[in-house]
Protein chains: 2
Amino acid sequence: METEEKKIYTIDDIARELGVSKTTVSRAISGKGRIGQATRDRVLAFIKEHDYRPNVVARGLAQRKTYNIALLMPKDYVATDFLFFKDCMNGICEVASAHDYDIIISMVDGEDVSQIERLEANRKVDGIIVSRAVVSSKIQKYLKNCREPFVLIGPTSDPEIPFVDNKNQEAGKELTSILLMKGMRHLALLGGNESYNVTGSRYQGFLDAHQELGIPVDKNLIFMNADNQLVISDAVSKLYEAGADGIVCMDDVICSMCMSSLREKKIQVPMQMKVASMYDSKNLEYHNPPVTSIKFDTTGLGQMACIKLLEILGENPQEEIKPLNYQVILRESTQ
Amino acid sequence: METEEKKIYTIDDIARELGVSKTTVSRAISGKGRIGQATRDRVLAFIKEHDYRPNVVARGLAQRKTYNIALLMPKDYVATDFLFFKDCMNGICEVASAHDYDIIISMVDGEDVSQIERLEANRKVDGIIVSRAVVSSKIQKYLKNCREPFVLIGPTSDPEIPFVDNKNQEAGKELTSILLMKGMRHLALLGGNESYNVTGSRYQGFLDAHQELGIPVDKNLIFMNADNQLVISDAVSKLYEAGADGIVCMDDVICSMCMSSLREKKIQVPMQMKVASMYDSKNLEYHNPPVTSIKFDTTGLGQMACIKLLEILGENPQEEIKPLNYQVILRESTQ
DNA sequence: CTGAAAGCGCTTACAG
DNA sequence: CTGAAAGCGCTTACAG
């Protein structure tokens with residue numbers, strides 16, 4: 001009686017074959033509404049036997065949901081961020097699919113909001129996850145006027161915006177503490193752009209460690225907005241002359257530039273200068289020498305972002321909200 | 001009269017306000033079916049004025065389409081592939097959104113087909129693009145039994161499967177030929193992971209060039225699975241001692257690691273050793289010296305994959321089907 | 001050229 | 001506990 005090798009059942013087919021109403025079938029599947037145990041079992045058995053899967057799109061239309069989540073990614077990003085995005089996406093997809101949501105990706109070109117407009121107009125998603133590096137204040141402002149709920153990955157200064165972020169301050173403190181405990185007394189800091197929140201958090205962690213151990217911070221060894229080779233090269237010369245015994249870099253890119261400055265100036269690492277980074281990347285692992293750094297749980301970050309969004313969407317994610325954690329990895333550069 | 005600041009119109013609202021039937025509105029929008037010019041203009045004007053956008057999900061349900069395309073990505077991939085996936089995704093998304101399709105990503109873990117099963121069961125996509133590195137024969141077989149149409153990015157030996165691919169073998173042959181014609185006679189090869197198809201194609205290109213020019217290949221200079229700094233460093237020492245006069249690296253990451261090994265060992269490029277890469281990246285361009293390599297049009301590859309799938313889905317992509325090409329860029333490293 | 005009606009495959013008050 | 005009916009927002013034969 002089947003037309004093809006494998007018939008796709010609808011809820012109507014099932015209702016007819018079982019001699020019940022489709023209301024009943026729907027209830028057996030969703031678990032909502034009262035239904036007799038016997039009836040439910042019959043329906044469920046039939047469904048299992050015939051491998052019936054409800055049409056998610058039709059359900060979505062009736063419920064005014066899509067079961068899709070958009071992930072905003074930057075159209076262009078530097079190689080260093082690759083690991084971050086991959087791990088993050090894995091985390092997001094994992095929890096999304098566990099809740100039968102799918103991820104629609106949208107590539108955002110700089111501050112161009114046209115792709116976001118399109119997303120909103122098409123109404124194919126229930127919410128948006130905005131990944132780090134897409135988050136400019138212009139984009140944030142645009143999103144707030146959107147009707148779509150959203151979650152940011154990365155810091156935000158706007159208290160109304162839900163976000164998830166790494167424990168930058170705690171991690172920065174821990175890394176710094178370890179260096180201090182290893183005996184360094186004149187730590188320099190190469191900080192990133194001060195307009196980023198993450199810069200502030202990491203800086204604070206650096207200060208916290210000094211304070212806790214009662215070791216003074218030498219302000220002359222602190223260089224913020226060190227986001228290009230020239231500034232860094234200059235800073236490295238100065239801090240070396242000022243007698244620094246170690247350099248804490250706020251991220252892997254700064255650290256790479258710092259390492260090549262040191263190489264250029266023939267300052268030996270770790271003999272003449274220790275180096276550590278507050279953000280890990282494969283690069284640092286393979287540097288010569290390998291660089292001590294903090295490894296964040298990026299997959300976990302993606303998971304948390306998705307969980308948070310699902311909560312906003314009214315789902316009840318069963319996943320435990322584990323605090324995001326990190327590891328300090330001590331490599332040759334601080335030995 | 002509006003409940004919210006911005007009312008979302010449905011096709012019913014428009015029909016009512018305009019005193020026509022929703023059939024008419026639908027026709028004005030879709031352009032299908034006969035409709036008077038005057039009526040159409042009225043409808044279109046109203047739509048524009050009120051910024052009406054049809055509900056894509058509802059349309060999909062009626063048309064039995066989803067306007068979604070799945071992109072299968074490997075859950076884990078090495079750094080080497082990062083640029084490839086990014087560019088590819090950009091190309092795919094570009095074409096897709098020009099045709100009002102969205103991309104749903106699905107992370108495939110090795111040969112685990114459960115994510116593909118889920119995609120199929122949920123019926124949220126009209127077709128699938130399978131990116132390189134996901135394509136195992138097991139996955140191919142599974143997909144052929146799926147009801148979803150699909151296109152592969154990367155090579156396949158199955159003539160029934162639609163695919164797009166870079167001309168890896170031809171390009172590898174061309175690059176190698178040029179080096180041989182420049183007089184090198186002892187070319188070493190640093191190859192990637194042998195489980196990837198692309199590794200085989202590039203290796204074959206390397207062999208083809210030698211064969212065509214009647215120059216023997218020295219098997220002692222061939223190192224496969226050279227995907228980390230240690231292996232590469234070791235290989236570089238060996239091939240140098242074995243008298244190699246040039247190194248062909250299968251991709252940009254291998255090449256970067258190769259270059260830093262050479263620098264460490266104080267082997268001068270290009271004086272003592274020529275270096276070339278079978279896959280370009282910004283890195284290589286900015287290396288010191290800049291490295292000769294093959295530049296593929298990866299964005300174009302993604303575009304073609306999407307165009308091909310859209311054709312299979314019965315769309316009429318206006319994009320021109322330009323043959324995928326590559327450039328050999330000769331830089332200082334082989335001079 | 002235009003419209004009433006049925007349908008896509010579900011959900012969900014409402015009534016019994 | 002169960003079902004008939006209306007509805008989600010569209011499309012598309014069919015009839016005029």
Pick out the pairs of N or O atoms, protein on one side and nucleotides 1-5 of chain D on the other, that lie under 3.5 Å.
unit_1	atom_1	unit_2	atom_2	d
D:dC1	OP2	A:R34	NE	2.7
D:dC1	OP2	A:R34	NH2	2.8
D:dT2	OP1	A:T39	OG1	2.6
D:dT2	OP2	A:G36	N	2.7
D:dT2	OP2	A:T39	OG1	3.1
D:dG3	OP2	A:S21	N	3.1
D:dG3	OP2	A:S21	OG	3.4
D:dG3	OP2	A:T24	OG1	2.6
D:dG3	N7	A:R27	NH2	2.8
D:dG3	O6	A:R27	NH1	3.3
D:dG3	O6	A:R27	NH2	3.1
D:dA4	N6	A:T23	OG1	2.6

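- Here D:dG9 presents its P atom at 11 Å from CZ of B:R16, a figure rounded to the nearest Å.
- When all heavy atoms of A:K65 and A:Y101 are compared, the closest pair comes out as NZ-OH, 2.8 Å.
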Which nucleotides of DNA chain D pair, in dot-bracket form (Watson-Crick or G-U under 3.5 Å, | meaning another strand): |||.||||||||.|||

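- Closest approach of A:P54 to A:I29, counting heavy atoms only: CG-CG2, 4.4 Å.
- When every heavy atom of B:V125 is checked against every heavy atom of B:E148, the shortest pair comes out as O-OE1, 3.2 Å.
- For B:R64, taking side-chain heavy atoms from C-beta onward, the closest of the listed nucleotides D:dT11, C:dT11, C:dG9 is C:dG9.
- As a whole-Å value, the separation of B:I47 CD1 from D:dC10 P is 10 Å.
- When the side-chain nitrogen and oxygen atoms of A:Y52 are compared with OP1 and OP2 of C:dC10, one or more of them lie within a distance under 4.0 Å.
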Worked verdict on A:D158 versus A:K144 for salt bridge (charged side-chain N to carboxylate O under 4.0 Å, His left out): CA-CA 10 Å; A:D158 187 332; A:K144 281 188 77 173; 2.9 Å; yes

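- Checked by atom type, the side-chain pair A:T10/A:D12 shows no donor-acceptor distance below 3.5 Å.
- If you measure from atom NZ of A:K124 to atom P of D:dG9, you get 17 Å, rounded to the nearest angstrom.
- At the phosphate of C:dC10, neither OP1 nor OP2 sits under 4.0 Å from any side-chain N or O atom of A:Q63.
- Scanning all heavy atoms of the two residues, the minimum distance from B:Y67 to B:E315 falls at CE2-OE2, 4.3 Å.
- Listed for the A:D109 side chain is no donor-acceptor partner under 3.5 Å among the backbone atoms of A:D112.
- The side chain of B:L61 lies closest to C:dG9, out of C:dG9, D:dT11, C:dT12.
- In this structure, B:N55 places its CG atom 13 Å from C1' of D:dT11, rounding to the nearest Å.
- Across all their heavy atoms, B:M73 and A:M89 have their closest contact at CE-CE, 4.4 Å.
- Nearest-nucleotide positions on DNA chain C for A:A62 and B:A58 put B:A58 closer to the 5' end.
- Between the C1' atom of D:dT11 and the OH atom of B:Y67 lies a distance of 10 Å, rounded to the nearest Å.
- When the P atom of D:dG9 is taken as reference, atom CZ of B:R53 falls 17 Å away, rounded to whole Å.
- Between the side chain of A:S21 and the backbone N or O of A:T24, at least one donor-acceptor pair lies under 3.5 Å.
- Nucleotides C:dG16 and C:dT12 place their C1' atoms 16 Å apart, quoted to the nearest Å.
- Rounding to whole angstrom units, CG of residue A:D12 and P of C:dA6 are separated by 16 Å.
- Following rounding to the nearest Å, A:R123 (CZ) and D:dC8 (C1') show an atom-to-atom distance of 12 Å.
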